[in-house]
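Just below is one structure, and these are the notes that go with it.
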Amino acid sequence: MRQPDRIVRLKTVLARTGLSQSTIYRKIAEGTFPPQLKISANGTGWHESEINRWIANPAGWRKRSEFDFDGIL
């Protein structure tokens with residue numbers, strides 16, 4: 001059974017990636033870092049799986065489209 005994807009906040013993303021806050025937001029604007037999700041009126045977060053994918057391959061990261069599959073048939 002697959003584990004649900006956790007939502008991580010900015011503090012965790014900063015610690016895991018080693019990037020600064022301004023670098024993260026610049027990379028989001030460039031399309032080279034996962035965009036954040038709106039999780040409440042004033043809060044945002046990221047899917048932990050997207051951050052893990054970025055950490056594994058920062059240069060090759062791209063946003064998954066609706067047509068990308070995780071090998072699930």
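Predicted, not measured: the structure shown is a model, and the values here were computed from it.
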Distance (rounded to the nearest 0.5 Å) between Gln36 CD and Ile51 CD1: 9.5 Å

Applying the 4.5 Å side-chain criterion to the ILVMFWY set and letting contacts propagate, would Ile28 and Leu10 be lumped into a single cluster? yes

For Pro58 and Ala56, the nearest pair of non-hydrogen atoms, with its separation, is CD-C, 3.9 Å

Output the distance between atom CD1 (Ile55) and atom CD (Glu50), rounded to the nearest 0.5 Å. 11.5 Å

Do the non-hydrogen side-chain atoms of Tyr25 and Leu19 ever get within less than 4.5 Å of each other? no

Contacts of Arg16 that satisfy salt bridge (Lys or Arg N to Asp or Glu O under 4.0 Å) - sequence neighbours left out: Glu48

Rounded to the nearest 0.5 Å, what separates atom CZ in Arg9 from atom OG1 in Thr44? 6.0 Å

Which pairs with one or both residues in residues 17-27 pass salt bridge (Lys or Arg N to Asp or Glu O under 4.0 Å), sequence neighbours excluded? Arg26-Glu30

Trp46 and its side chain to side chain contact (heavy atoms under 4.5 Å, CB included) partner, picked from Leu37, Ile24, Asp5, Ile7: Ile24

Value rounded to 0.5 Å, distance of CZ in Phe33 from CH2 in Trp54: 5.5 Å

Does NZ in Lys38 sit with more than 12 non-hydrogen atoms of other residues, nucleotides or ligands closer than 6.0 Å? yes

With sequence neighbours left out, write down each residue that passes side chain to side chain contact (heavy atoms under 4.5 Å, CB included) with Ser20, or none if nothing qualifies. Ser22, Thr23

